[in-house]
Amino acid sequence: MALSAEGVHAGYRKRAVLHDVSLGLGPGVHVLLGPNGAGKTTLFRVLAGVVAPTAGRVLITGRDPHRDPAAKRLIGVAAHRSALSPQLTVRGNLDYWARVLDLPAPLRRERLTEVMGTFHLEELADRPAGTLSRGQTQRVVLAKVLLSDPAVLLLDEPTTGMDPAATAELRTRLRALADEGRTVLASTHDMNEAQALADDVTLLKSGRIVGRGTPAELRARMVGSAVRLRIRARLDPAEALRRLGHEPLPGRDGAVLVDVADESETETLIAELARQDIGLREVAVAGNALEDVFLHLKDQRQERL
């Protein structure tokens, strides 16, 4: 695994935040999901080698960044705030961070040229960072993250404030980085973006990992079904669905909603409804599996409060 946490406990002063967190991630795009206060930012700081765990350990390609400072170069971190100087140009910002990384001058020039080319920043090179759009800023932040050619990227809410076009572009770039063999771990509150991005999702609640899997797997495990379908038909399909053992829920525009276990059950249900001649007009996946999981996590948390 490129990134692993083994039995990690962490907190601040006397307040415990993370409890026995174990996680192993290989190349791909992974999403960390959890309600506010779940411990996501603390986990990122521990994985980045910034906050030391009180117990357990973190390994980046087999090296502990808390014991081996050089291992921190294997990690690229993009915090929620950009950490760019608004007065410096794009090139000036990247050069500054390359110097912070203590890259030798020839390598520094090489890496600046490479990351600026990767993110098509040449036309922005002499622009002050404070004049950039949110999407342009995120391109510069990702270029900064890649200066040390890290194996692992930790991205805290990378799409916040971005318009749909910039978000789609960022998603494409993150997928390309994963296809190069990098391990990307990103947090987000955008459930649609999380579902589009994720190879898998790790759920964090009250400082503990409570689930991991694909969005459909997590929904099936935590909510009780993998898929919610939206069905519209010439005749009301509710009674036919009840005869088939399903409990339909009212939807919008005369549609009904029904939960099914998987794709196979979806196909069987459609075939049965077609045989009953109710005049199917629409069968589509309704909503977002991760949104259902996230709301389930929040409901559980509120019940305890």
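Position 1 is the first residue of the sequence; numbering continues from there. Treat the numbers as computed from the prediction; the structure is a model and nothing was measured. These values consider heavy atoms only, across backbone and side chains, with no hydrogens, waters or symmetry-generated copies.
Contact check for Leu94 versus Lys144: side-chain heavy atoms found under the 4.5 Å cut-off. Between Pro128 and Leu88, the closest side-chain pair of non-hydrogen atoms is not below 4.5 Å. Proximity of Leu257 to Leu229: side-chain heavy atoms (C-beta onward) are nowhere separated by under 4.5 Å. Considering only heavy atoms from C-beta on, Arg182 comes within 4.5 Å of Pro150 through its side chain. Taking 4.5 Å as the limit, some side-chain heavy atom of Leu124 sits within range of a side-chain heavy atom of Gln136. The shortest distance between side-chain heavy atoms of Val46 and His9 does not fall below 4.5 Å. The shortest distance between side-chain heavy atoms of Leu3 and Leu154 falls below 4.5 Å. By the 4.5 Å heavy-atom criterion applied to side chains, Leu197 and Thr188 are not counted as neighbours.
A pairwise comparison of heavy atoms in Ala5 and Val8 identifies CB-CG2, 3.9 Å as the closest pair. Across all non-hydrogen atoms, the minimal contact from Leu204 to Gly39 is CD2-C, 3.5 Å. Across all non-hydrogen atoms, the minimal contact from Ala125 to Thr89 is O-CB, 3.4 Å. In this structure, Val152 and Ala2 approach most closely via the heavy-atom pair CG2-O, 3.9 Å. Closest heavy-atom contact between Pro248 and Leu241: CB-CD1, 3.9 Å. Residue Ala10 comes nearest to Pro53 through the heavy atom pair CB-CA, 4.2 Å, listed as atom of the first residue, atom of the second, then distance.
Applying the 6.0 Å contact sphere to CZ of Arg57 captures no more than 12 heavy atoms from other residues, nucleotides or ligands. Heavy atoms of other residues, nucleotides or ligands lying less than 6.0 angstrom from CZ of Arg242 number more than 12.
Both Tyr96 and Leu121 are members of a single hydrophobic cluster when ILVMFWY side chains are connected at heavy-atom separations under 4.5 Å. Under the 4.5 Å side-chain heavy-atom criterion for Ile, Leu, Val, Met, Phe, Trp and Tyr, Leu107 and Leu146 are members of the same hydrophobic cluster. Hydrophobic clustering (side-chain heavy atoms under 4.5 Å, transitive across Ile, Leu, Val, Met, Phe, Trp, Tyr) keeps Leu280 apart from Leu249. Under the 4.5 Å side-chain heavy-atom criterion for ILVMFWY residues, no single connected hydrophobic cluster contains both Phe44 and Met1.
Remark: Ser82 OG to Arg134 CZ distance equals 7.5 Å, nearest 0.5 Å. Going from atom CG of Leu47 over to atom OG1 of Thr42 covers 10.5 Å, rounded to the nearest 0.5 Å. Here the CZ-CG distance, from Arg45 to Asp156, works out to 8.5 Å after rounding to the nearest 0.5 Å. Rounding to the nearest 0.5 Å gives a distance of 5.0 Å between CD of Glu157 and OG of Ser187. Put simply, CG on Leu142 and CG on Leu177 are 7.0 Å apart, with the number rounded to the nearest 0.5 Å. Here CD of Glu239 is found 11.5 Å from CD1 of Ile278. Values are rounded to the nearest 0.5 Å.
Judged by distance alone, the side chain of Arg111 and the main-chain N or O of Leu147 form a donor-acceptor pair under 3.5 Å. In this structure, the side chain of Thr159 does not engage the main chain of Thr167 through any donor-acceptor pair within 3.5 Å. Using modelled atom types, one side-chain atom of Asn93 and one backbone atom of Ser85 make a donor-acceptor pair closer than 3.5 Å. A side-chain donor-acceptor contact under 3.5 Å links Gln138 to the backbone of Pro158. Remark: side-chain polar atoms of Lys72 are not paired, donor with acceptor, to backbone N or O of Val50 under 3.5 angstrom. Looking at Arg173, its side chain does come within 3.5 Å of a backbone N or O of Thr118 through a donor-acceptor pair. Here the side chain of Arg127 pairs a donor or acceptor atom with the backbone of Thr131 at under 3.5 angstrom. With Trp97 contributing its side chain and Ala83 its backbone, the two residues share a donor-acceptor pair below 3.5 Å.
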Val90 vs Asp126, side-chain contact (heavy atoms from CB on, under 4.5 Å): CA-CA, chis, key distance, verdict: CA-CA 6 Å; Val90 168; Asp126 297 320; over 6 Å; no
Intermediate values then yes/no, side-chain contact (heavy atoms from CB on, under 4.5 Å), Leu155 and Leu174: CA-CA 10 Å; Leu155 311 179; Leu174 293 181; 3.5 Å; yes
Test log, rule side-chain contact (heavy atoms from CB on, under 4.5 Å), inputs Leu273 and Leu244: CA-CA 9 Å; Leu273 291 175; Leu244 294 169; 4.1 Å; yes
Criterion side-chain contact (heavy atoms from CB on, under 4.5 Å) on Arg175 and Val29, from CA distance to verdict: CA-CA 7 Å; Arg175 175 52 54 195; Val29 180; 3.7 Å; yes
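For the side-chain contact (heavy atoms from CB on, under 4.5 Å) criterion with Glu6, the lone passing option out of Val58, Leu59, Leu23 is Leu59.
Here Glu123 pairs with Arg139 in a salt bridge; the nearest charged N to carboxylate O distance falls below 4.0 Å. Look at Arg73 and Asp68 and you find no salt bridge, because none of the NZ, NE, NH1 or NH2 atoms lies under 4.0 Å from a carboxylate O. A salt bridge links Asp95 with Arg108: the closest approach of a Lys/Arg side-chain nitrogen to an acidic carboxylate oxygen falls below 4.0 angstrom. The existence of a salt bridge linking Arg212 and Asp200 is confirmed by a sub-4.0 Å separation between a basic side-chain nitrogen and an acidic carboxylate oxygen.
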